[in-house]
Structures are given as structure tokens and as C-alpha cells.
Amino acid sequence: MIEGLNKEQLEAVTTTEGPLLVIAGAGSGKTRVLTTRIAYLVSELGIDPSNILAITFTNKAAKEMQERVISLLGSSAYKIQISTFHSFGVSIIRDNYSLLGYKKNFTILDSDDSLLTIKRILKDLGYDPKQYNPKAVRNRISSAKNAMQSPDALSRFNACDFDEKVVEVYRVYQDKLVSNNSLDFDDLLLKPIELFKQNPDVLAEYQERFKYILIDEYQDTNEVQYRLTKMLSQKHKNICVVGDESQSIYAFRGANYRNILNFEKDYKKAKIILLEQNYRSTGNILNAANDVIKNNKQRKDKKLWTKNGIGDKIIYHKALNEKDEALYVTREINKLLGDGANLDDIVILYRANAQSRNVEEALLKESIPYKVIGSFYFYNRKEIKDLLAYLKLIYNSDDDISLLRVINSPKRGIGVKTIESLTSKSNNGHISLFEAIEDGKEKQFKDLILKLKTLVDNCSLTELVEAVLNETGLKKELQDEQSLEAEARLENLEEFKSITKNFEERNGIVSLSEFLEEISLVSDVEEHKDETNVVTLMTMHSAKGLEFKYVFVVGMEEGVFPHSRAFDSNDELEEERRLCYVAITRAKEKLWLVGAKRRVLFGQDNANPVSRFVKEISDEYLEKDEETSLFENRSKKSYNNSIDDTIEYKVGEKVMHTTFGEGIIVSVTNTVINVAFPHPIGIKTIMKGHKSIRKV
DNA sequence: TTTTCAAACCTTTTT
DNA sequence: GGTTTGAAAA
């Protein structure tokens, strides 16, 4: 098990007692250390797996850690609590809901739901949403919660009129959540702390249970997470935190990388181990990363090194515009594929999700299969949100937010007037909107939900979803519409059923409560599908912890990356630089940094200078390629090869695709068409005039 | 109550 | 550039 570990790694694995800080540079075998340490605790020291708690930030990281521990320990690994901070929080709340004043069937609000709630509160209080931006209010409340400030505490600090209003909204918002028997993301961590403060005996039980605690990505912990782990580890003090302040990229979410720098102060006898040997990347890639990060003032001095070869130089390519930028990337990908590379080994990283569109269009043109991680396309669709709101309301009828979402969707003739009278009734009687319903059209709605409620314990999840679709009229509304867009929405609802089916198969028969919990904590539908052998597109933030042979970073321009919002703050610029460090160190073999001379942003043509991060890399490791005019000709040629832009398309026309077969066009944009193919293929986006389709 | 159309708004990054 | 929001008409 411990074979092949270097001296420092071995020390990190075997130093099991007392506080331990592992500063793990990118690619230094951090996950291997964590998983081996867990296995060592269990199989060498005979620690009961249920006494171990391992916490990560993302679902992806938790899943990977669990898989690796299972491969080391077998099925006993299932008894180890490996989870994200948020799902760990939910499990504590679930086990102690009544002590916290919640009912068993609490629901979790996503950030859209909390925004809607805040909008309604602002309106109720008579404030102009133009003067008090709801998003700003939500962010302010969220950061207060992440800093563990109650409305009272916040009111003591408030300096301006805006803050005063925030405090007011904050109070109403918290009351509303409690009366709705629901929690937002921040509550998932705050409530456990509240619980432990008020019930020392409960805390003592958890402290006793989790004798060994491991925290991954410690540099990304915020105040709440920091306090929570400190409370839990107070008794046994066997806490091992792993992190790298150079990779702290979540300050906007309240993360405080000083938590890692202060670890030695918090735990007086803490041992510190530095992992600086990198096993992932070539010498050139590491040197470039070091060149960039050394421009940050606030950091622990360390330098990654490797025994790997020097490798290829990093390529910086400046394209003419954002279209050429994307085309350049596809051309390089095609070259790689020609040399026998796998699509799985290729990733394209960008600063903001909105940047994916150009790249996607180019990939479509070249018929290169890809997947986009972390863009909430699926769960953000109206029909899916409606369906989920129905499920939430069935599960927790006090959830006013979900009720308001679906009470008149599909249309039942229940309008503003009815809602107003229900709201005042619910306010006066301190009951939920659902309970306030007594008669009228809304009574029919109430009966419908009550009827569906009886199904929860008597049928499978998929059957319940089917019943909701049929009984609420959600399906009928779309079928009656007879439009192709409605057809696409129906397809999405079908897709949702395959998600519930998948969930059932994975976990056996599952309850509505477990399903809702997972859906609220897993933002990305891709985690349910396994699309393999495709190019991956994602933000640099989502890429943390991952590695790829070939990495493309696009948008290397001032204003795009570093983002213009960071210009006026040195702290934020340092955070952007850390993000750049994360992006560079994802690459194992080859790295491309790509930017555009001109770029259309907000419909405006901008000419941004090259990103300062490119300039920070010494020419020793960098190969600059600015044959922009040449490339323009080449790109035109390749464009003409596969695209015939003379063909006109109309919605409703039939087309034949070389692999998907016959389909119907459901929508047409300037560059692409969306085509509905028979189940299970579904809706596909295809370039206009692409050689793979022809009209029939 | 629902539909429609023009104006406003927007773009960090995520559990 | 693209979507969401608001006011006015149906």
C-alpha cells in the first residue's frame, strides 16, 4: 500500500496522531496521500472505518476519493464518512432536525429559489428592486452567513442605507425559511454549528465518533467550515488538513486561505509536511506555473520540481478574433487526434461559462464530440424546475416558494388576486400558503397535491414522476401546444425520468427525500450520465483537482483573464493569478494558452492586450505563435470544407443525419439548427450546412 | 388573467 | 449578444 511513496508522502500517511498540516503543491500526489492515509488507519492501525471522516469540497472529489478507498479496502470503506462539506451538513441536520426546530421533511433551496424569495421580500417591504439589487442583497446576506453573522450582528456593523435594508430583508428571509421548513446552502453548514453550540452533548457524540478527521482543499474553507471542523476535532485533535494556498480560488464564496496559514497558530503542536515533488507535469509546465505564481506577494515560499522530462514548450497563440481562437483550438485538437491522442485526454478551460459558446460552435463544425461541465443547462430549464417544484411541494407542503412556482403552472386561472388573499391569510394565521387554501380553484390544486402525496410511499420514484406529469397537466399542456419547442420540452421531461431510473438502479429503491437531497446538492447533470471519449469543456474553477494530458486555456487577454472585475483590487488580482496557476498545473504533457486580438463582448468589439499572466512566463518555456494572417486563410479554407452556408432551413423540415438518422428541425439560429431525433437520441444541436446532414 | 413586445440587464467563478 | 423583466393591450 505504501510502496512507491516518497519520504514526505510516507510521513504524511503515517503521522496519524495529532494535528497535521500537509502543504501539497499541485500534482504532488495529494489524493494518493489522503486515500493511503485512510487505508493505513484502517488496515494497519485497526481503526474502525466509522470513526473516520473525510471532507472534500466537490461531489467529484468525494466520489473519486471514495472509489480509491474502496479499491484499497474493499467494502468496509463504505462505513467511512466521505462527503462534501454540504452533504455532511445535511446528514447532521437530518439526524437532529427536531433539535433545530425543523420537521423531518425539510427541503433545500437552490440559489435561484433564494433569489426569488429575496425579490418577493423586497417587494413586500415596499423597496424598489432597482435601488436595491436583489442579487446584491442575496450576496450580502450569504456572505454574512458565511462569516457567521446573524442579522443582529450585521446591524451593528451596518454603515449605510443599503446595509440597513439588507439587515431588514435578512431577518424576514430567515423567518421565511424556517416557516417554509426549508434551508438554503449556507444554512447547511450554519445549522450544525448552531446545533453543537446549543447541545454540547450532541457535539460530544460526534467528537467521539469522528476520531480521525481529514479535510481536503483546506485553503478553500470559509469561516463556517473552519469553525465546524475545529469543533469536531476539539476532543481527539487528530485532524489532518491538506491544501495549497497557491490554489485558493474561492474567496468570493468566503474562503479564507489564511485558515491554512493560521493552522499552526490554532493547533499549537501541529506538524507540517511540505510536498513539493510533482508527479504530474513536465518541467516546462511547472516552470511556467512557478513563473506566474511567484508574482503573488502573499504566499508560503515553495517551489515545485519534478523528475519528469522538460517536455514541449508551452504554446501561446494569438488569434485574430474569438472565432479564430476557437478554430485554432479545434485545428490543434485534430492534429492531436491524428497523432493518436484520445479525446478524453483533452480539456478546454475558460474563465467564465459564457465563453464556452464560441468553442462549442467550432467543435460542432469540426464534428469533434465534447461535453460541457458545470453549466446548469438542464436543471435550469423551466419544465424541469417546475417538475422539481412539484416534487418538493409534495414532499414538503410548507414550501411556499415551490408552491408559488407551480400553483398556476400549467395555467389554472389562479392569479395575483388569489395569491394576495392567500398570503395575507397565511401571514395572519402563521400557516403556510398550502394550509391557507380553503376553497375555489386553488382547492382543486390542493387536493391534487394531497392525492399525489399518497403515492409517495406506494410507488417508485419514476412512477411518481410519471404521475406528477400526468395528473398536474404538465405533460398535457405541452402536448396540446403542438409546437416543436414543446416537443423538445417533453423530451427533457423524458430525460428526467431516465435520471430517476438511473438513480433507482444505482441505489436500489429510493425515497423521494433522498432523491431531492441529491438533486439539490449535485448541480451538474453530467454526473448522472457517463459520456466517455469526448473533449471536456469547463471553467478553470471546476478543473481544480483534475488533470489532463493536453490542456487548452482560452481567452488569455486582459479583461477576460484576469477578469476586468478584478482590476481595481490587488487581492482579487492575486486570486486570478492563483486561478491561472491552477489552470496551468492541470496539464500533464502539453499546454496551449490562446487569446484573441479582438473579441466581441456584450455585442461590442474590444481589442484587449495580452494577459499579464502570459507575459509573466519566461520565453525560455514559451513558444509564441502569432501567424495571425496566415491562419485567417487557413481557417477560411477549413470552414468551406465542411460547411455549406447556402442551405436554408425552416422549423419543421425533415433532415437526415449520418449517425442519428431522420429528425425534425425544432429551431433555427444564425449558425446552428436544433434537430429532434427519435428517442433515445433526443434533441441535438448541429451546424447549419454541415456535411453530416442533408434535407429529405 | 394572459399575452405580447420593447426595454433593461447582463457576465465571474460554486455548494 | 442573448435573455429576463415590465408595462400595456387583448
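By convention in this document, chain letters (A, B, ...) are assigned in the order of the sequence lines, proteins followed by strands, and residues within each chain are numbered from 1.
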**Asked** Quick one: are the ring centres of A:Tyr206 and A:Phe196 less than 6.0 Å apart?
**Response** yes
As a test of reading the structure: which of [options] is closest to the side chain of [X], going by heavy atoms?
X: A:Arg357; options: C:dG2, B:dT11, B:dT3; result: C:dG2
X: A:Lys411; options: B:dT1, B:dT14, B:dT3; result: B:dT3
X: A:Ala354; options: B:dT13, B:dT11, B:dT15; result: B:dT11
X: A:His541; options: B:dT11, B:dT13, B:dT15; result: B:dT13
X: A:Lys417; options: B:dT15, B:dT13, B:dT1; result: B:dT1

Starting from [atom2] on [N], measure out to [atom1] on [X] and report it in whole angstrom.
X: A:Asn321; N: C:dG1; atom1: CG; atom2: P; value: 13 Å
X: A:Tyr250; N: B:dT15; atom1: OH; atom2: P; value: 6 Å
X: A:Gln355; N: B:dT11; atom1: CD; atom2: C1'; value: 10 Å
X: A:Glu223; N: B:dT15; atom1: CD; atom2: C1'; value: 18 Å
X: A:Glu477; N: B:dT3; atom1: CD; atom2: C1'; value: 14 Å
X: A:Arg138; N: B:dT15; atom1: CZ; atom2: C1'; value: 13 Å
X: A:Gln225; N: B:dT15; atom1: CD; atom2: P; value: 12 Å
X: A:Lys63; N: B:dT15; atom1: NZ; atom2: C1'; value: 17 Å

Under 4.0 angstrom, heavy atoms only, what part of the nucleic acid is [X] near: base, sugar-phosphate, or nothing?
X: A:Lys119; answer: sugar-phosphate
X: A:Asn133; answer: sugar-phosphate
X: A:Ser542; answer: sugar-phosphate
X: A:Glu322; answer: nothing
X: A:Ser142; answer: nothing
X: A:Lys382; answer: nothing
X: A:Asn408; answer: sugar-phosphate

**Request:** Keeping the roles fixed (side chain from A:Glu576, backbone from A:Ala566), state whether a donor-acceptor pair exists under 3.5 Å.
**Result:** no
**Prompt:** Do any N or O atoms from the side chain of A:Ser87 and from the backbone of A:Ser83 form a donor-acceptor pair under 3.5 angstrom?
**Reply:**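 Looks like no, no N/O pair under 3.5 Å.
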**Request:** Report yes if at least one side-chain N or O of A:Asn353 is closer than 4.0 Å to OP1 or OP2 of B:dT11; otherwise report no.
**Result:**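 No, because none of the side-chain N or O atoms of A:Asn353 sits under 4.0 Å from OP1 or OP2 of B:dT11.
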**Asked** For B:dT14, does either OP1 or OP2 sit under 4.0 Å from a side-chain N or O belonging to A:Lys544?
**Response**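 For B:dT14, neither OP1 nor OP2 has a side-chain N or O of A:Lys544 closer than 4.0 Å.
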**Prompt:** Which class fits the ring pair A:Phe210 and A:Phe88: parallel under 30°, tilted 30 to 60°, perpendicular over 60°?
**Reply:** perpendicular
**Pairing nucleotide - B:dT15, Watson-Crick or G-U, each distance under 3.5 Å** = none
**Message:** Going by purine N1 to pyrimidine N3 plus the second Watson-Crick contact, or the G-U wobble pair, all under 3.5 Å, which nucleotide sits opposite B:dT4?
**Reply:**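 In the structure as shown, B:dT4 has C:dA7 as its Watson-Crick or wobble partner.
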**Prompt:** Given A:Asp244 and A:Gln247, is the side chain to side chain donor-acceptor pair (under 3.5 Å) satisfied, shown in steps?
**Reply:** CA-CA 6 Å; A:Asp244 176 3; A:Gln247 295 185 62; 2.9 Å; yes
**Asked** Just by distance, with hydrogens left out, do A:Asn296 and A:Tyr581 show a side-chain donor and acceptor under 3.5 Å apart?
**Response** no
**Message:** Quick one about A:Asn222 and A:Asn146 (side-chain donor to acceptor, distance below 3.5 Å, no hydrogens or angles considered), yes or no?
**Reply:** yes
**Message:** Taking B:dT11 as the reference, what is the distance to C:dG6 when you measure between their P atoms (whole Å, please)?
**Reply:** 15 Å
**Request:** Assign each of A:Arg565 and A:Phe85 to its nearest nucleotide of DNA chain B by heavy atoms, then name whichever residue's nucleotide is nearer the 5' end.
**Result:**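 The residue closer to the strand's 5' end, by nearest nucleotide, is A:Arg565.
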**Asked** Relative to the 5' end of DNA chain B, which residue comes earlier, A:Ile414 or A:Phe252, by the nucleotide with the nearest heavy atom?
**Response**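 With A:Ile414 and A:Phe252 compared, the 5'-side residue is A:Ile414.
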